[in-house]
Amino acid sequence: RYVEITVSGPEPVTTPAGTFKAFKIKKEDGGARGQNLWLTIHYWSPETNSVVKSSYDSTGDTGMGTKREIELIKFSSKP
């Protein structure tokens, strides 16, 4: 089993709640020799102190066939 995580950014990310500067956290993991590859990407914003966008993809040739995306739809900076 292997896991590789990379962090880059910040970069602008647009969601229904607005555009935020966010760090991209990319995680690739799977079994030996590239089997069962999963790709997860989170965009974490210091402006919201949360993940504003996330995607998960295992639809590759050796994956489970699942894909999903999540986005922040509303944000208020009021306490």
Side-chain angles (χ1 to χ4, degrees):
R1 182 152 185 99
Y2 78 94
V3 175
E4 183 176 332
I5 299 172
T6 57
V7 178
S8 60
E11 61 186 73
V13 176
T14 301
T15 72
T19 299
F20 306 94
K21 289 182 182 176
F23 290 91
K24 181 180 181 180
I25 304 162
K26 180 179 175 184
K27 177 183 169 192
E28 294 179 283
D29 60 305
R33 296 182 211 102
Q35 296 174 350
N36 300 323
L37 179 64
W38 298 282
L39 174 62
T40 306
I41 299 174
H42 298 295
Y43 291 93
W44 181 85
S45 173
E47 295 175 68
T48 64
N49 194 30
S50 69
V51 171
V52 294
K53 194 171 195 175
S54 180
S55 67
Y56 171 81
D57 189 350
S58 67
T59 58
D61 292 340
T62 60
M64 303 278 295
T66 303
K67 187 173 185 176
R68 68 178 162 237
E69 295 183 2
I70 300 168
E71 292 184 320
L72 184 67
I73 57 171
K74 186 176 181 181
F75 175 72
S76 174
S77 60
K78 296 178 185 177

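In what follows, every heavy atom counts, from backbone to side chain, and hydrogens, waters and symmetry copies are set aside. Bear in mind that the values here come from a model prediction, so they are computed numbers and not experimental data.
Only one option out of Glu69, Lys24, Lys53 pairs with Ile41 in a side chain to side chain contact (heavy atoms under 4.5 Å, CB included); it is Lys24.
With rounding to the nearest 0.5 angstrom, the OG atom of Ser50 is 15.0 Å from the OH atom of Tyr43. Separating the CZ atom in Arg68 from the OG1 atom in Thr40 is a distance of 7.5 Å, to the nearest 0.5 Å.
Note on Ile5 and Trp38: separate hydrophobic clusters, where clusters join Ile, Leu, Val, Met, Phe, Trp and Tyr whose side-chain heavy atoms are under 4.5 Å apart, directly or indirectly. The cluster map of Ile, Leu, Val, Met, Phe, Trp and Tyr, joined by side-chain heavy atoms under 4.5 Å apart, puts Phe23 and Val51 in the same cluster. Clustering ILVMFWY residues whenever any of their side-chain heavy atoms sit less than 4.5 angstrom apart, transitively, puts Leu72 in a cluster other than the one holding Trp44.
Minimum interatomic distance between Ala17 and Ile73 (heavy atoms only, all atoms of both residues): CB-C, 3.5 Å. What you find for Phe75 and Glu47 is that their closest heavy atoms are CZ-O, 3.7 Å. Taking every heavy atom of both residues into account, Ala22 and Val52 meet most closely at CB-CG2, 4.3 Å.
A donor-acceptor pair is defined here as one N or O able to donate and one able to accept, closer than 3.5 Å; such a pair exists between the side chain of Ser45 and the backbone of Lys21. Ser54 places no side-chain N or O within donor-acceptor distance of the main-chain N or O of Ile70, the cut-off being under 3.5 Å.
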Worked check of side chain to side chain contact (heavy atoms under 4.5 Å, CB included) between Thr66 and Tyr56: CA-CA 8 Å; Thr66 303; Tyr56 171 81; 4.0 Å; yes

Side chain to side chain contact (heavy atoms under 4.5 Å, CB included) for Lys26 and Leu39? Distances and angles first, verdict last. CA-CA 7 Å; Lys26 180 179 175 184; Leu39 174 62; 3.7 Å; yes

Could you walk me through whether Phe20 and Val13 pass the side chain to side chain contact (heavy atoms under 4.5 Å, CB included) check? CA-CA 5 Å; Phe20 306 94; Val13 176; 5.5 Å; no

